[in-house]
2 protein chains.
Amino acid sequence: MSKATIDDVAALAGVSIKTVSRVVNKEPNVRQVTREKVLAAVAQLDYRPNASARSLAGNRSYVLGLLYGTPSANYILDVQVGVLNLCRPQGYDLLIHPCVYRDENLVEDIVELVRQKRIDGVILTPPLTDHMEVLSELERLEVPFVRIAPTLNKELSPYVETNDQEAAYDMTGQLIAMGHRDIAFITGHPDHRAVAKRFDGYQAALKDRGIPFRPDLVENGLNSFASGEVCARRLLGRQPRPTAIFAANDDMAAAVMMVAHQQGIRIPDELSVAGFDDTPVAYQLWPALTTVRQPVQQMARKAAELLLKRLKGKDVPLPVGVLSSSLILRDSTGPLSGVAGS
Amino acid sequence: MSKATIDDVAALAGVSIKTVSRVVNKEPNVRQVTREKVLAAVAQLDYRPNASARSLAGNRSYVLGLLYGTPSANYILDVQVGVLNLCRPQGYDLLIHPCVYRDENLVEDIVELVRQKRIDGVILTPPLTDHMEVLSELERLEVPFVRIAPTLNKELSPYVETNDQEAAYDMTGQLIAMGHRDIAFITGHPDHRAVAKRFDGYQAALKDRGIPFRPDLVENGLNSFASGEVCARRLLGRQPRPTAIFAANDDMAAAVMMVAHQQGIRIPDELSVAGFDDTPVAYQLWPALTTVRQPVQQMARKAAELLLKRLKGKDVPLPVGVLSSSLILRDSTGPLSGVAGS
DNA sequence: TTGAAAGCGCTAACAA
DNA sequence: TTGTTAGCGCTTTCAA
């Protein structure tokens, strides 16, 4: 009973294998009685279609590939969950494929994956979303793909994005509204262009509020805690010292908080700190970190949805999903003590 | 050129397809000249064996399945990386399969995955490692599996484990050596038996050092930050107040630190805090958290290694891997101020 | 609405 | 050391 094939089912149900195939694949044009007969046989034999045979004959695998560089664990896991939640109920599984962005075998690895496993579709996360070589290779392979938060060549594929820039703009606006004028910014990793938009939002907010931009209050981080620490030390040495620091991600913001603690700078009384991403770290810090939450799971789910739609031929011309990030105001930001608000 | 088959290669190389198959699968008994001819043809045609055909004919898929409940993102990602590092170079890919431990479809889902995708082997992480129903189903399906940190029925499969209990023992010993006597413990989620061993280590250390066990200094957490917060408030209300709190994981330890901060209790002067896992949170907290680091990636790698060995028939009788955790002493623990060390 | 027959591209006996 | 011949279990024309 452990390995019934389509022939067994057909024999038991007294129909041809083609009919079994129709029923199993939920195709139309099968009489209700026939369908029921087949389903009964399927149940009785505990029949499971063999994915390999199906894949070989049908030239598709019911497997999606998830390609990612090495962003944070939480981000990736959220993406995985979001994608799986949508695609598993539809019979698709997920093959994961972490990549090293600067690896010379990057493209070759991907080609191998797609061609060998007959991957039906690919989902890309930053910074791979903007790796032109990868993108053109995927096009050459004619495998449909969808991108989460791409920044370049958006016409190349369906994609999902958030309003990062706007969120950074709003966060900066909040700080300004609290009375801050000397607001520093720690940028993200240069490979990670999505993160660059956050800096744009910061600059735009300053400009719109007529706050002079101080280049000495910008430090370039690499998304890591360690890089944030270096930036924080520099920024806290500037004169006049910034009264708020906005980091392009939570890890770097956490580093700012640590440096501030070490230097006896009180948060938020003497220094407000804001991050971006709302990682678990954010609420485990003390004081809890003000940050921006991206709906990562939903983005991934939406991306999977767009991809599956493509696979099923519903060829909507370049569908695009836009989801909103939200400000999470916690305790690490506040009005300057002894400073009047604006 | 995009879809050469084994026949094309055979034709171009002037050999039979069986010979091509031999070369591609690195089988012995092929003359060097022949091998080179074939490899040249493979390169020229950019031939990639079709995984589905291979799987169908050979009755195996070159895909491993990773089953996990919902432990932390970092843990899972480390496991994924560790497994992939070992299995990708050997031609195996990884299908991920997050499970809901208490879901009634749990077993059915797994059966479907294994049978449909013809998964060659399965890797289990806690708490699924101890889910008897899942285990016996896997046995019935006759799919080889390996477990990471199982606590029950260890004879059922190869497995990899660490010396959790010993590490907890050592950590407790450290606290005692620093002069602490009233050491509290926050236990982990009851489904997660691996975490229970940490409590055993704590108790053993107290006993061996002749420190009376105070049941009022034990609180039952659920591995989450929120549960840790509740436990911390209770523990810090006990009389006499504990001078150290050892939590079964970092998230709960982080909660202890937050509550201490809120109550104005200085760390480590008035309270030492220790965690377990060395998650990124640990060093982003202030003061940085003393904790225990498990070599998760290496464990996963080892697990994959044991599994692949099994698949290749080298049937070592129940191989077992044991790796060591290490204490990471940071700033959240220290001698009591004004209290003489032991 | 149903079925018959022909592969999909490979591996696995078995021969030679 | 190499080749021949069957399938693996499905999907897909194309007929009926």
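In what follows, chains carry the letters A, B, and so on, assigned in the order in which the sequence lines appear, proteins first and then strands, with residues in each chain numbered from 1.
Scanning residues 29-40 of chain B for heavy-atom distances under 4.0 Å to DNA chain C yields an empty list. Within residues 88-95 of chain B, no residue has any heavy atom closer than 4.0 Å to DNA chain D.
For DNA chain C, the span of nucleotides reached by chain A at under 4.0 Å from its heavy atoms goes, 5' to 3', from C:dT1 to C:dG9.
You'll find the side chain of A:Val63 stays beyond 4.5 Å of the side chain of A:Asp120, heavy atoms only. Side-chain atoms of B:Pro295 and B:Thr162, non-hydrogen and from C-beta on, do get closer than 4.5 Å to each other. Using a 4.5 Å cut-off on side-chain heavy atoms (C-beta onward), A:Leu124 and A:Phe145 make contact. Taking the side chain as every heavy atom from C-beta outward, A:Pro158 and A:Val146 approach each other to under 4.5 Å.
A salt bridge links A:Arg48 with B:Glu108: the distance from a Lys NZ or Arg NE/NH1/NH2 to an Asp or Glu carboxylate oxygen falls below 4.0 Å. The pair A:Glu161-A:Lys154 meets the salt-bridge criterion, with a side-chain N (NZ, NE, NH1 or NH2) lying under 4.0 Å from an Asp/Glu carboxylate O.
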*asked:* Counting primed atoms plus P, OP1 and OP2 as sugar-phosphate and everything else as base, spell out the protein contacts along nucleotides 6-16 of chain D at 4.0 Å heavy-atom distance: B, S or - for each nucleotide, 5' to 3'.
replied: -BBBBBB----

*Given B:Leu64 and B:Leu308, is the side-chain contact (heavy atoms from CB on, under 4.5 Å) satisfied, shown in steps?*
CA-CA 9 Å; B:Leu64 302 182; B:Leu308 288 186; 4.2 Å; yes

Could you go through residues 90-100 of chain A and list every donor-acceptor pair under 3.5 Å that involves a side-chain atom there, pairing it with any protein atom two or more places apart or in another chain?
{"residue": "A:Gln90", "atom": "OE1", "partner": "A:Lys312", "partner atom": "NZ", "Å": "2.5"}
{"residue": "A:His97", "atom": "ND1", "partner": "B:Arg88", "partner atom": "NH1", "Å": "3.2"}

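Without hydrogens or angle criteria, B:Asp8 side chain to B:Ala4 main chain gives no donor-acceptor distance under 3.5 Å. Between the side chain of B:Ser136 and the backbone N or O of B:Met132 there is at least one donor-acceptor pair closer than 3.5 Å. Between the B:Arg54 side chain and the B:Ser61 main chain, no donor and acceptor come within less than 3.5 Å of each other.
By the side chain to side chain donor-acceptor pair (under 3.5 Å) test, B:Glu139 is found to be paired with no residue, residues two or more places apart in sequence or in another chain being considered.
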